[in-house]
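Proteins come first, then strands; the chains are lettered A, B, ... in the order of their sequence lines, and each starts at number 1.
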Amino acid sequence: MSAITYLEAIRLAQQKALQDDPRVFIYGQDIGGFGGAFKATKNLAKEFPGRVLDSPISEDAMVGLAIGAAVEGMRPIIEMQFADFSTCGFNQIVNQAATLHYRTGTPCPLVVRLPSGGTPGGGPFHSQSMEAIYAHYPGLIVMTPATVEDAYTMLLEAVALDDPVIFCEHKFLYYHLKADKLPETVLPFGKAKIARQGRDATVVAYSAMVHEALAAAEELTHDGYDIEVVDLRTVRPIDTDTILASVARTGRLLVVGEAWPWGGVAAEVIARVATEGFGLLDAPPQRLNAKETPVPYHPALWGTHRPTASSVANSLRQLLEL
Amino acid sequence: MSAITYLEAIRLAQQKALQDDPRVFIYGQDIGGFGGAFKATKNLAKEFPGRVLDSPISEDAMVGLAIGAAVEGMRPIIEMQFADFSTCGFNQIVNQAATLHYRTGTPCPLVVRLPSGGTPGGGPFHSQSMEAIYAHYPGLIVMTPATVEDAYTMLLEAVALDDPVIFCEHKFLYYHLKADKLPETVLPFGKAKIARQGRDATVVAYSAMVHEALAAAEELTHDGYDIEVVDLRTVRPIDTDTILASVARTGRLLVVGEAWPWGGVAAEVIARVATEGFGLLDAPPQRLNAKETPVPYHPALWGTHRPTASSVANSLRQLLEL
Amino acid sequence: MTLGKASDSDGPRATKHSPEVTRENARRAYRIMLEARILEEKLAVLYRSGKIVGGVFLGRGQEALSVSLGIHLRRGDVYAPLIRDQAGRMAFGDTILDTMRTYLGSSLGSMRGRDGNIHRGRPSEGYHAMISHLGAMVSTVCGGLMAKRFRGETGAVGGTCIGEGGTSTGSFHEGMNLAGVEKLPIVVVVANNQFSYSTPNDRQFACNDLLVRAEGYGVRGRRAVGNDLMDCLSVIGEAVSAARSGEGPQLVVADLLRLVGHGEHDDASYIPAAMKESSLGGDCLDLARTTLLEKGWLTGEEAADWQKIVEKEVEETSSKVLREPSPDPSEEDWNAFSCLDSQQNSRYPEERQ
Amino acid sequence: MTLGKASDSDGPRATKHSPEVTRENARRAYRIMLEARILEEKLAVLYRSGKIVGGVFLGRGQEALSVSLGIHLRRGDVYAPLIRDQAGRMAFGDTILDTMRTYLGSSLGSMRGRDGNIHRGRPSEGYHAMISHLGAMVSTVCGGLMAKRFRGETGAVGGTCIGEGGTSTGSFHEGMNLAGVEKLPIVVVVANNQFSYSTPNDRQFACNDLLVRAEGYGVRGRRAVGNDLMDCLSVIGEAVSAARSGEGPQLVVADLLRLVGHGEHDDASYIPAAMKESSLGGDCLDLARTTLLEKGWLTGEEAADWQKIVEKEVEETSSKVLREPSPDPSEEDWNAFSCLDSQQNSRYPEERQ
Ligand SMILES: Cc1ncc(C[n+]2csc(CCOP(=O)(O)OP(=O)(O)O)c2C)c(N)n1
Ligand SMILES: Cc1ncc(C[n+]2csc(CCOP(=O)(O)OP(=O)(O)O)c2C)c(N)n1
Ligand SMILES: [Mg+2]
Ligand SMILES: [Mg+2]
């Protein structure tokens, strides 16, 4: 098999889920014969007749349908065409899917796939990172895979879990990221990963920002620093133990998120470390997020709006001097 | 004038806004002749014919209408029947109202009133506190008045502001809270308030939790502690300066929020203090939030789900021993 | 407010009071209506005496319409009742006991004090527990029916109710449209009681007749006389049979009045007296009793007996549930997840590594 | 896929190609269609050469319908175009220059590089800048019209377009229903181009004809032949006049095809050849030219001249805008609020204390 992209890993995971589990079906706009706006379901409608269905442009009803099917024991996967359009299915996700198990004891196993994050020219409505919005609600698992391997294994895991999972897959990684083969083992669900070991500072990141953090860490080797990078993998639950263990080693923390700062993953991680690991910190923890405007359209603006390897490196240099 | 409730203050603010500014109108379910589910618009339809209108059960269209009218220079107030139903108008709020000024340079002055927070027997869908969800989005002002005076002046301010304002009024305070008269001066917009001075620890709270915090502070006087309580008043923007100044005096911080912890106001405040005021802290900052489930129906469960004076007092005692 | 005019999609009305309404069905329906009525009266008393906290939302005047959907559904079907469906719920198998427990927040009830009043169900048994957000249950029922289709199960029907106000939600529209596209065996009953809370129909929609919307969704539309039990049983019975036999989605619109406030806190003074005195205002329970008596399907004695029996059951159940313990917060696990324990740790074993 | 059948609400079609379509209007419309077509062809070239980043979404084949709404609106009206409305936009006053600038993200454009492509407008001039979320603009236009009503301004009309796929959104439904309830002077044009992205109509809705939905919203429904300029001008002209003279909301449904992919990345291979060869597939620009030539309202020479003039303007504008500087991130204030400075401090003076 030639190199597998992050996008192909998502397609293959769905293929495997459909193959292994008759309860799985996929519902979303243009995902049938057309294979989806990003081709994440290419050929699947043909391979699994009647189980990969084009939906009307009705995000609320798409999620409602998934909930009703999940209650009956199915394992639906809903593809949102872009994460940004999930706002139209927001009510069903946060008020029906998220509450069902607590209220009634009936589990609600469904996956909502959100093609997330910025790309050049995406603009305000095709670039959003909504993980913090969903993670606020008890009852929702929120996954943010950063690698080809995780895209594959975590999507399978999402399908297997008994809870509703918001699966934030990053569009910028779709084609950029490649792996030679699919993994045979998986990290336990809910565990973060040390993506790079280091001793001078910890960068906590997730999704596309893991790669910016790794590049920044690389850059800082030239300054003689050895940066640890933690890939959260899931942002709800957050693996606080792994983060604290890393901060215990390094004494310094920078959290990077592509979403807006107010109440985002970075705020939540810092709140946890400050409350539970205050004594481990040798310097004030720091965060780096998107700028506080809608995601701009022009690539030059976009490149400044989101954190990048170089802005992460700058933040790290400042942190290391604190 | 006899004692004015928090609810009556909201009604009077709307009356004054309608009186003073021909651009103001109110749109919402059952707000006309009926005066609203909570009577926040009682008699206003009669007093201002044609300017206080019953809407269909269409939260998305209600907000869309407000946006279109705001663009044309009006100052609409939208009443959601309960904050919880604003999820159905979520897309228009976060994607159209919040982005309009940044994208086009045209301001979008509207107010969405959210009857928020828990009451006994309210249950999962009539009790929610959604301030963190809206505050995540750049472009939205989020107000959370805790007093009769603030309910009045801040609602008038919300109408006067050129940006969309999410006005989180707390249902539990509607009838409980009373004042003798309406205020003649107002605190500048975006400023927090020291609701109680103290030197041993700072509690940051907002909305109904200010009163739980004040009661807890009172309780702790018996232990010989002197607790400062900061009322945030608006949660976007957050008045970080006032918080930092208070923490500089007390060295200890507890943040209390009625909403869920993940990415909530408490997380955001702690992230700010940890990053900007690390050196001011004599102990790890702490937070106290609702338990991580939907808001339960039974009053006994509800009373444990939300922070109360006694759980705030407990958290404070722990904080003071750290 | 214009009341519905006859519509093309309504088909011939020769089936009115058609023989398919059997004596047995009519008697059972009446008995359930009576139970719902008496139970709800007790709920109102409990609310006024402060035993029920939050709110009480009754279906008085809508029992005939409500029961007619519940009674035509059966085990294996999917049912998502709404606010005013106490009668339909009981026809589908809900009980006086569980209703009381849920309203009183008993931990022995199906909702265990976590949710209450009308937010009640047992989803794993096809009985969905409504969320408050109007319109949301239409697509949820569609999902249940899709699941059955995927599994090759045929003959199941989904039923749900909504008020005319709920038809203004985007969620209702998306659900109806999806039902049409997927040609699902769903029956959606619109109880047009002329008001959504206090809002009259002329502030809710601008069409003369909501039934015309059926064609726009590509679904079959039918009209029922909302306070006429025999008509409701007949029309909804036909709708359910049609759905069950593969004729696709069915929309039933029925005009009626609720003979009570939106909730027990509301005196419904916005409903004009003339409307209450019109044929819309007739009490479906009285009308049903008269019809059954006239037909000789029920005797006056039976009616009186039933009344007593049900009153007794309601009283006894109420006393029993009032003595049951409240949920104990310290025994709650405060966990919204099924895959995580309350410390938010994974319940999944590490050996997968 | 069933194409629309005639509907009751469509009224007499004797007005087809009615004299009210003046020579001047038809010529102006054709000229704008030509500008839109040539401009969009250039946008496609710029996209393929990597100058435009993100996507390019064209209205080829839909210019006749699009221009017919824009051309009947005037200053003081409210207009919210959608994806395929380059022609309508230009009729409403948008320019080749601003289109280019917005697509190329120039800081001199109305969106200043902050938003791009079809997300373009000048709301303060009644020209709304669509958000991507389909259906959302219907109620926004309603709001603009409510504002005018509150101020006692009469005679203004609101116009918006949507694809048939967008009619499945809850937002569309809520907006249409609200327009009906408030009896607003809005004209909503549905361009039924048989596909929403790749999805055919039988996966989008189940009615034979979207026009039947008009009655359900209590609005007037009209049909136009989507690629026939004279019919579009006539039908939409009537709709706009009716709205302007107080007859309430108007829904126009027109069948047609887009003669291009959903975006320039899409080859539209899902559109069956037979459909392309049917009358739906006729290119409205060619058809309009033929009609105008036949009527003697345009000469072959003029047509050729216009073509050249527009091509030149498009080329010159493109070169000009390509030389304009990109937005400079360091000059941005990165502030989404108008009442706060970028440090999130209040801009309001303290003297209010
Ligand atoms: C989306 C949404 N908005 C608002 C409400 C608040 N609400 C509860 S019941 C009701 C009126 C419902 O009217 P209708 O659908 O006609 O049903 P009825 O009460 O008449 O049976 C409203 C507005 C809600 N439940 N959901
Ligand atoms: C609420 C929402 N969901 C999904 C999308 C993604 N999307 C953009 S255009 C499109 C197809 C639109 O089809 P239609 O409305 O028929 O317009 P057409 O493209 O045919 O002109 C989709 C699904 C969107 N913009 N908004
Ligand atoms: Mg009603
Ligand atoms: Mg289309």
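- Checked by atom type and distance alone, the side chain of Thr293(B) never pairs as donor or acceptor with a backbone atom of Asn335(C) at under 3.5 Å.
- Put simply, the side chain of His133(C) reaches to within 4.5 Å of the side chain of Cys88(B), judged on heavy atoms.
- The number of heavy-atom neighbours closer than 6.0 Å to NZ of Lys39(B), taken from other residues, nucleotides and ligands shown, is above 12.
- Interface residue Ser58(B): backbone and side-chain heavy atoms are both found under 4.5 Å from chain C.
- Side-chain atoms of Arg203(C) come within 3.5 Å of backbone atoms of Asp54(B) as a donor-acceptor pair (strictly under, hydrogens ignored).
- When atom types are taken as modelled, the side chain of Glu292(B) and the backbone of Ala336(C) share no donor-acceptor pair closer than 3.5 angstrom.
- Nearest heavy atom pair, residue Val53(C) against residue Pro120(B), reads CG1-O, 3.4 Å.
- For Tyr197(C), the parts sitting under 4.5 Å from any heavy atom of chain B are the backbone and the side chain alike.
- Of the two parts of Ala61(B), neither the backbone nor the side chain holds a non-hydrogen atom closer than 4.5 Å to a non-hydrogen atom of chain C.
- With rounding to the nearest 0.5 angstrom, the CG atom of Asp84(B) is 10.5 Å from the CD1 atom of Ile131(C).
- Heavy-atom distances place the side chain of Gln81(B), and not its backbone, under 4.5 Å from chain C.
- Counting heavy-atom pairs closer than 4.5 Å to chain B, the top residue among Gly105(C), Ser198(C), Gly54(C) is Ser198(C).
- Not a single donor-acceptor pair under 3.5 Å links the side chain of Tyr297(B) to the backbone N or O of His119(C).
- Interface remark: Asp60(B) contributes no atoms to any contact with chain C (heavy atom separation under 4.5 Å).
- Residue Asp115(C) holds its CG atom at 13.0 Å from NE2 of His298(B), rounded to the nearest 0.5 Å.
- For Lys51(C), the NZ atom sits in a loose shell: 12 or fewer heavy atoms of surrounding residues, nucleotides or ligands are nearer than 6.0 Å.
- The CZ atom of Phe205(C) sits 11.0 Å away from the CD1 atom of Ile57(B) when rounded to the nearest 0.5 Å.
- Residue Ser171(C) holds its OG atom at 10.5 Å from CD of Glu59(B), rounded to the nearest 0.5 Å.
- Only the side chain of Asp266(C) comes within less than 4.5 Å of a heavy atom in chain B; its backbone stays farther off.
- In terms of non-hydrogen atom pairs under 4.5 Å with chain C, the most contact-rich of Pro124(B), Ala300(B), Gly303(B) is Pro124(B).
- Within the 4.5 angstrom heavy-atom criterion, no atom of Thr167(C) approaches chain B.
- Between chain B and the options Ser132(C), Gly263(C), Gly170(C), heavy-atom pairs under 4.5 Å are most frequent for Ser132(C).
- Between Thr199(C) and Ser55(B), the shortest heavy-atom contact is CG2-O, 4.4 Å.
- Residues Glu332(C) and Thr304(B) have side chains not in contact (no heavy-atom distance under 4.5 Å, counting atoms from C-beta outward).
- Taking the six-membered ring where tryptophan is involved, the planes of His305(B) and Trp334(C) are tilted, since the angle between them lies from 30° to 60°.
- Only the backbone of Leu104(C) comes within contact range of chain B, with heavy atoms under 4.5 Å apart.
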